[in-house]
Amino acid sequence: MTEELRIGVFICHCGINIGGVVDVPAVVEYASTLENVVYAERNLYTCSSEGLEAIKSAIHEHELNRVVVASCTPRTHEPLFRATCKEAGLNPYLFEFVNIRDQCSWVHMHEPEFATEKAKDLVRMGVAKAARLEPLEELTSDVIPSAVVIGAGISGMTAALSIAKNGFYVHLIEKGSEMGGLLRRLYKLYPTEELAKEFLEQRIKAVEEHERVELHLSSSIKDVEGYVGKFKVILDENGVEKSIDVGDIIVATGAKELEPEGLYEYDGEKVITQLQLEEKLRREDLNRNGIENVVMIQCAGARGEVVKYCSKICCMNAIKNAKLIKEANPDINVFIAHNELQAYGEEYELYYRDAKKAGVRFLRFPLEKRPKVRKSDGKLVVDVFHERLLMDIPLEADLVVLSTPLVQNPDAEKLSKMLKVPLGQDRFFFEAHVKLRPVDFATDGIFLCGTAQGPKDIEESISQGYAAASRATIPLAKGYVSSEAIISSVDEAICVGCGICESVCPYGAVEVVETEEGRRAKVTGVKCKGCGTCGSSCIKRAIKMQHYTDDQLIAQERTAFVTEREVVS
Amino acid sequence: MKEEEVKIVGFLCNWCCYAGADLAGVSRFQYPPNMRIIRVMCSGRVDPVIILDTFLWGADGVFIGGCHPGDCHYLQGNYYAEKKIDMAKRLLKKAGVEPGRLRLEWVSASEGERFAGVMKEFTEEIKELGPIKFEKDEMEAACIAAADYSLRILATKEKELLEEGNKYGEVFTRHEMDRLLDDMVREEYEAKRILLKLKRPMSVKEIASELNLKPNVVFRHILDLKRYELIEAHEIRDNTPTYIAKVEEGVE
Ligand SMILES: Cc1cc2nc3c(=O)[nH]c(=O)nc-3n(C[C@H](O)[C@H](O)[C@H](O)COP(=O)(O)OP(=O)(O)OC[C@H]3O[C@@H](n4cnc5c(N)ncnc54)[C@H](O)[C@@H]3O)c2cc1C
Ligand code: SF4
Ligand code: SF4
């Protein structure tokens, strides 16, 4: 740095909060002896309007080009002091905060001498850092006011329609030839028992008729690049390549039912899945085939058999279908062999009781002894272990229905790589935070809803569809996104393109790209959140984490107990 | 500060531990005044090189505070921090320093009381260990080894090796991983010790006796260092070749 360093230090009394313990005048005196410090003063309250004025006038009067305030915590007051520096024409990132209240005077109240010594040390460290600060700029970039929704199941349709109604253009991309997703294959829906077909028809119509929804059927995503505000999505629509520019993206790709190959004598005819049963019910061919006994097996392939998780909706599905069979023909015996029963909430509990009233029989088995399906004299028998009798109960069955879990689509892996968003342990798309950010990905500008995120029923899928749409609308409505000023940057002359940085960045903000010099890492400023993990991982130490550079941290650490002069020499 | 007072430097992540320390203040929980806090945005930012440099410059203890697993503001930063600190501890051990002088703790923004408790405890532990003692050469070697690409790759890839395996699909057990880490740390540390010795020309035998290593081990390192063009042959002295470091590689 060629310019002469002129650091100003402002020590706050914070009334008696600091001044009552720390010898503030002594700290000011000490500060003024430090390397590069040209001005030091104390204020009763640095954050008061007089205090802020004092900073501004000192910047002008003493031509300060770095400001250090030693007071409370940056977590509350940093924005204020940065703004003050900016008002005085100083880049706000040339400001450094030293905490001598929350982490000094308040916690060493009975050791004023030590507290004063500590305050001096902290000020010295802050000054050492300030000497190495560099001006930074916050960048803003425009947002293309439209969105892409991937998957036209109920959650994707809901999200698309909601964004369109909010006044923005939406591209709804569906790999199949029709909208509706899994619902197309269902018979009636719990808990209302309306026909899935009718339920869907109204919604499909609303989407088709909306002027701001552009539907892309039989389309698959080839590539995605860009970042929040400026995504480019490349599509293959019926064999024709198309490129769409949008501001953000919603993933609503749903899930599929586990195919229980090799489990419980599954054959797709006499031993079928719930989804296959729904198709049979739709065609009303149960009665025609003279079926007398139906046995449903819960958790088939779930909870440790093929997948680890509980698929959450299969109990209600089974109860629904058992009840519908029973109500249509009370002569058919319907058994549900289950371990636990997920019928949460009052509405679902009542639904379960109705099924019982209708004559559906429930049998509980322990998870370690799941039911077995065997053939005896050409007939199917399901052995269900009875927990109290400690023996198998053989149930004759004309039809065995396996309640298998929802599982991720096989092509989700590819999509997750293209979007650079993660899949979780269960292979479902993984949200940024279960409670705080349930429909966001960690990556800005990409959201998720429906069963793509994990098993859930229609009501929850629709709620998430609305939620994702409203989240996605924020940048569209705002029209711009601003990026952190504190981001990392790569020194291309040192980088060898190993990709370690890319592998640790949770936001896909640093990527290895081809350059004229070969493969090099590159940071996309708008995506970077400034954690610095890439920097401390880089094998060549080629990454500089702005505002927390190696140089700055080392200066702070080295001056913790000795002076800058001793460090530099 | 009195001579017998121990010196501790703490790197605290902005979102959890730093906030926890603030809360300790707001709630007036008292703790010993030995630690000097440096704020970082994420515990994942803390480079093992910086940790070792902090010891090199006289800290008796170094404390790293991050968010509890699963709570990292940046999702996984604390996970990587853990691996890096583990690496730094292994290097500390090599330099003859008690690894207990380096401590990583997860403290949330709501754990003000716990922060104060941890401070008391850690300060006590460091007091018990007393002022730090090390050979400057050894700590410098540890610092440079922490900057070496091979250890940095290993620290980052540990999870992958344990869970998904290497590119040949060999998954490592915890025990194998520990052995690999120890081997690599020893190798790099020895190599850096030799490199630092070679600021002046020396023969294999001289290095071996000064560093208390077997000559064949030293020779192997010399070949490697030559291959990476970090050292070069200097002159033949009494029929034995001597070597010297090419680039002055030191701590910045
Ligand atoms: C047997 C069974 C019975 C059920 N019964 C009920 C019930 O009675 N009541 C109830 O509330 N819930 C029920 N459910 C749950 C319900 O089906 C789901 O909640 C609902 O389908 C979730 O909607 P979705 O839009 O998230 O996903 P989906 O319906 O799976 O739709 C996802 C869409 O995305 C498309 N897609 C996938 N990948 C891509 C890609 N890469 N590119 C483009 N498009 C893609 C798919 O083709 C599909 O059209 C049942 C589920 C099953 C399995
Ligand atoms: S880790 Fe470092 S050397 Fe490797 S690609 Fe990233 S910046 Fe380049
Ligand atoms: S600082 Fe963090 S967010 Fe930014 S590129 Fe590095 S790892 Fe990614």
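Residue numbering restarts at 1 for every chain, and letters A, B, ... go by the order of the sequence lines.
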Donor-acceptor contact present, side-chain [X] to main-chain [Y], <3.5 Å:
{"X": "B/Arg36", "Y": "A/Phe561", "value": "no"}
{"X": "B/Arg45", "Y": "A/Tyr548", "value": "yes"}
{"X": "A/Ser536", "Y": "B/Gly44", "value": "yes"}
{"X": "B/Glu5", "Y": "A/Phe114", "value": "no"}

| note | Looking only at B/Asn14, B/Ile37, B/Val9, B/Ile38, the option with the highest number of non-hydrogen pairs under 4.5 Å against chain A is B/Ile38
| request: Return the option, out of B/Tyr149, B/Phe115, B/Tyr31, with the maximum number of heavy-atom pairs under 4.5 Å with chain A. | output: B/Tyr31
| task | Start with the C-alpha distance between B/Arg39 and A/Glu96, add both sets of side-chain angles, then the distance that settles salt bridge (Lys or Arg N to Asp or Glu O under 4.0 Å), and finish with yes or no. | result | CA-CA 11 Å; B/Arg39 181 167 72 127; A/Glu96 177 63 13; over 6 Å; no
Is it the backbone or the side chain of [X] that comes under 4.5 Å from a heavy atom of chain A, or both, or neither?
{"X": "B/Phe11", "value": "side chain"}
{"X": "B/Lys83", "value": "neither"}
{"X": "B/Val46", "value": "backbone"}
{"X": "B/Gln76", "value": "neither"}
{"X": "B/Thr54", "value": "both"}
{"X": "B/Met119", "value": "neither"}
{"X": "B/Ala21", "value": "both"}
{"X": "B/Ile8", "value": "backbone"}
{"X": "B/Ala116", "value": "neither"}

Checking heavy atoms, do the side chain of [X], its backbone, both or neither come under 4.5 Å from chain B?
{"X": "A/Gln103", "answer": "both"}
{"X": "A/His547", "answer": "neither"}
{"X": "A/Tyr507", "answer": "side chain"}
{"X": "A/Ser503", "answer": "both"}
{"X": "A/Met109", "answer": "both"}
{"X": "A/Cys72", "answer": "neither"}

4.5 Å side-chain heavy-atom contact, [X] and [Y]:
{"X": "A/Val107", "Y": "B/Phe29", "answer": "no"}
{"X": "B/Lys84", "Y": "A/Thr533", "answer": "yes"}
{"X": "B/Tyr18", "Y": "A/Pro74", "answer": "yes"}
{"X": "B/Asp22", "Y": "A/Asn99", "answer": "yes"}

| A/Asp121 and B/Lys7: CA distance, side-chain angles, deciding distance, salt bridge (Lys or Arg N to Asp or Glu O under 4.0 Å) verdict | CA-CA 11 Å; A/Asp121 291 348; B/Lys7 299 178 283 194; over 6 Å; no
| Do you know which two heavy atoms are closest between B/Pro32 and A/His108, and how far apart they sit? |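 Nearest heavy atoms, B/Pro32 then A/His108: O-CE1, 3.5 Å.
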